[in-house]
Each structure stands twice: as structure tokens, then as C-alpha cells.
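Read through the structure below, which is laid out as C-alpha cells, and then see the notes.
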Amino acid sequence: MSVLQALPPGSARLDPLALVREDLRDFGGYRSARSESLQGQVWLNANESPWASPADQSGAVRRYPDPQPARLRQALASLYGCEPQQLLAGRGSDEGIDLLLRAVCRPGQDAIVVTPPTFGMYAVSARLHGVRVVEAPLLDDDDGFCCDFDQLAATVENASARLVFVCSPGNPSGTLMPLDHIHALARRLEGRALVVVDEAYLEFADGASAVSLIAAQPNVVVLRTLSKAHALAAARIGSVIGDAQLIAVLQRCQAPYPLPGPCVELACRALTPSSLAITNTRARTVRHERDALLRALRAAPGVRKVYPSQANFLLVRFDRPQAVFDRLLAAGVVVRDLRAAPRLEDTLRITIGSAEQNAQVFALLGQGDAA
Ligand SMILES: Cc1ncc(COP(=O)(O)O)c(C=O)c1O
């Protein structure tokens, strides 16, 4: 029986819950001691220690953390333009990817669609969960990598896939996907698949977030992270944003205490207006540096192609990528070698650093690749 046949007629088309695994729709998940809203002064319900750790003089981490602290959820929701109940915070967007896969796809039966070259964790999570990965490759044309959205939709339909991952701006392509194309894709796939828009790098781009599509298209889900522009990669704070009912299901599939207290504190400090002002200024600096390095590298010897980028990195094809990689490494500069990936046999991905670091990269690459 198909997912849609299992639901009352007429209710399924715009109901993203119709895409959740049938066996999980009324799944309650684990009820931790912190899920009960009880009042008291002497807390003896979670088998915690009555003493603070010698490593934690303040005792701030003695007790299990709130699973979804309201002030963090509120701050993230206002940053991303949604309601708090439309947002689930978790351990990086990596956890969001994994939760979506587990909640939506049936192991051994369902498929996801990805658009290579793209972020590798979609396929890794799918494989770990026993879910087939079907590819709708991006087209590599003169303007960079781009997506044929008709072909993408057809691939999802033919594979009866339940999830399609659209990375925008793409890693490693650097391409921003047009919002109207994402909207049309979601409309065509409503009742069939969730369209997951991974916006890990959106702070460095000129486009708007797909969060604005969710009201009209509840099968759109957006991933955001504090790991990139917000400089909190080690705090592991990411967000899944979508229809509130879908978010509630994902929360029930999540580990009981996903957000370590010290990481929540850091994240809340990073989301104050003064921190956000600094983050925005730095994101602008990164864009400016990226565009300058792109222009410089396009004129450098041994560089075959520099892809346009709306993210905080450049994807570059070299005549002799190994020589370039070795020269950078010998100078202590570590870049990402992508040559093992299909169609990227001559590419390196270079993260935009500080002005000094970018100047160092250019000084090394400006020598050509024969040195
Ligand atoms: C496109 C994309 N999505 C998600 C992630 C994972 O981010 P997080 O640190 O939030 O798990 C990355 C990390 O590199 C990424 O490139």
C-alpha cells in the first residue's frame, strides 16, 4: 500500500506527515527525566550526582541539559525567520540529515536523490540506514555547475524517492539554486517527497532562504548551521526548519539530550545582536575576499577553471593538481583534495581564509604549477 493510500482522501497532498514512515507517525520516542514538566527543589529523578565535578566548579553541567532550550530555539527561529515550533536544534546539520532519513525512509525499501557533486553526508547517512541513493548529477557548463530541475524531479518520481537533497549554495559546487526552481520542484513533488534545502553556506550568498517557501509548500525542509559563518563548528549546533508537525516527529526520533549545556551557552552568546553584527561583517569580508581571490586565480598560470562561488570556498581545476597540493602543503597550507570524486579529477577546494591567508595562497599559486 502506498503512503498516500494509507491516509484519508484529500488530506495527504500538502501534509508532510504523510511522508513520515507510517510506523513512526504516532511514535512517542524516549521520555527522559527532562521531558516531564515537574516543579521542585530537590531533584532526584535522573540519577545525577549531588556534587559538581571537580572539573566544573560552577556545577553548570551537573544535570542533564534541556533537550530544546526555549531561548536557543527562539533565538535561532528569529535568526532564520520561522516560528520556534518549526525549528529543531541538533548536533550540527549532520544530525538533521540523519534524523530526516530515519524518520522518512524505510530501510531496504526507500530511496533518496542527491545531485553530485554534493555534500557526502547525504549518501553516508542513507547507506548507514539501508536506503538507496539515486543520483541526478549537476550539469557542468560554462557558468559553473547547475541543476536541471526537470530532470531532478523526474529522477525523484522514477525512483519513488522520499527525500531529495538540494544543497544551496552547493558544496563543493558553490552554486546557489534559484528559489523559484526549488519552489516549483516542491510543488511538483508534494505528497511524494520532502525537498531538503541545505543552506549551510547561505550567509555567504546573495539569495534568500527557502524558509520563506515552507508556508506554501510544507514539503520543504531547510537545514541551517552555526558551523560556518557563525564560527562555532566545534559546538555542533544545526537546525532543521519545516512544518511544525514534521519537526515534532523529528524531535521524537532525536536522542534524549542532543544539546550539551556549554554548547547551548556558546550558541546563545553567538546569537546576541552584537555577535550577529560581527558575524555579518565577517561574512561580507569573506565574500569580498572570495571574489578577489577568484579573479586573481582565474589569471594564474596552471589554473584551468575557477568555479563561481556563493559560499566560503572556491572550487578550482588545475593542470597539475598534485603539484599544487604538494606546494601548498609544503608551505603549511592545507586545502581539500577532491580528486577522488567523479568529474572532479583535477580539483582542489580552497576555503576562504583571512586576507593574509588568502594572499599566501595566491602567492603560492601565482608561481604556476611547474615550480
Ligand atoms: C553542505 C553542508 N551541509 C552540512 C554540513 C555539516 O554541517 P554541520 O557542522 O552543521 O554538521 C556541511 C559541512 O561541511 C556542509 O558542507
Side-chain angles (χ1 to χ4, degrees), residues 68 72-73 75-76 79-80 87-102 112-128 133 135 137-138 144-145 147 163-177 182 194-205 207 209-211 220-242 250 254-255 258-260 263-264 266-267 270-271 279 283 286 290 307 309-315 334-338 341 344 347-353:
Q68 289 292 303
L72 176 66
R73 223 176 178 188
L76 288 167
L79 178 66
Y80 298 136
L87 179 145
L88 183 71
R91 289 159 292 186
S93 11
D94 285 341
E95 185 180 25
I97 295 165
D98 200 52
L99 280 173
L100 283 161
L101 259 149
R102 285 192 287 136
I112 64 161
V113 171
V114 297
T115 60
T118 193
F119 183 50
M121 278 307 290
Y122 314 135
V124 167
S125 282
R127 174 134 186 232
L128 286 169
V133 179
E135 298 189 341
L138 297 178
F145 281 103
C147 182
L163 283 180
V164 49
F165 285 93
V166 177
C167 191
S168 179
N171 175 13
S173 69
T175 304
L176 185 74
M177 303 294 173
I182 295 174
L194 292 184
V195 176
V196 183
V197 189
D198 185 342
E199 297 182 340
Y201 299 95
L202 193 70
E203 289 86 348
F204 306 107
S209 170
V211 167
V220 169
V221 179
V222 176
L223 299 172
R224 301 295 302 253
T225 181
L226 298 187
S227 296
K228 309 294 179 182
H230 295 269
L232 284 185
R236 310 302 301 129
I237 304 283
S239 300
V240 189
I241 302 162
L250 297 181
Q254 197 176 28
L259 301 169
C263 298
V264 169
L266 269 171
L271 296 171
T279 298
V286 167
R290 172 194 69 203
Y307 283 83
S309 174
Q310 291 275 300
N312 68 339
F313 53 78
L314 291 175
L315 179 67
V334 188
V335 298
R336 188 68 180 255
D337 183 356
L338 296 179
L344 299 182
T347 61
L348 303 176
R349 192 193 66 198
I350 305 171
T351 303
I352 304 302

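Predicted model only: the values in this text are computed from it and were never measured. Counting convention: from 1, in listed order, for ligands and their atoms alike.
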query = Taking the six-membered ring for Trp, are the ring centroids of F313 and Y201 within less than 6.0 Å of each other?
reply = yes
query = Who passes salt bridge (Lys or Arg N to Asp or Glu O under 4.0 Å) against R102, sequence neighbours left out?
reply = D98
request  = At a heavy-atom distance under 4.0 Å, which protein residues reach ligand 1? Sort them by chain and number, would you?
outcome  = G92, S93, D94, F119, C167, N171, D198, A200, Y201, T225, S227, K228, R236
task = For R236 and S227, run side chain to side chain contact (heavy atoms under 4.5 Å, CB included): C-alpha distance rounded to whole Å, both residues' side-chain angles, the deciding distance at 0.1 Å, then the answer.
result = CA-CA 7 Å; R236 310 302 301 129; S227 296; 3.5 Å; yes
message = Closer than 3.5 angstrom, by distance alone: can the side chain of T175 be matched with the main-chain N or O of F145 as a donor-acceptor pair?
response = yes
task = Using side chain to side chain contact (heavy atoms under 4.5 Å, CB included) as the criterion, list what pairs up with T279, not counting sequence neighbours.
result = A229, H230
Set of salt bridge (Lys or Arg N to Asp or Glu O under 4.0 Å) partners for R73, sequence neighbours left out = none
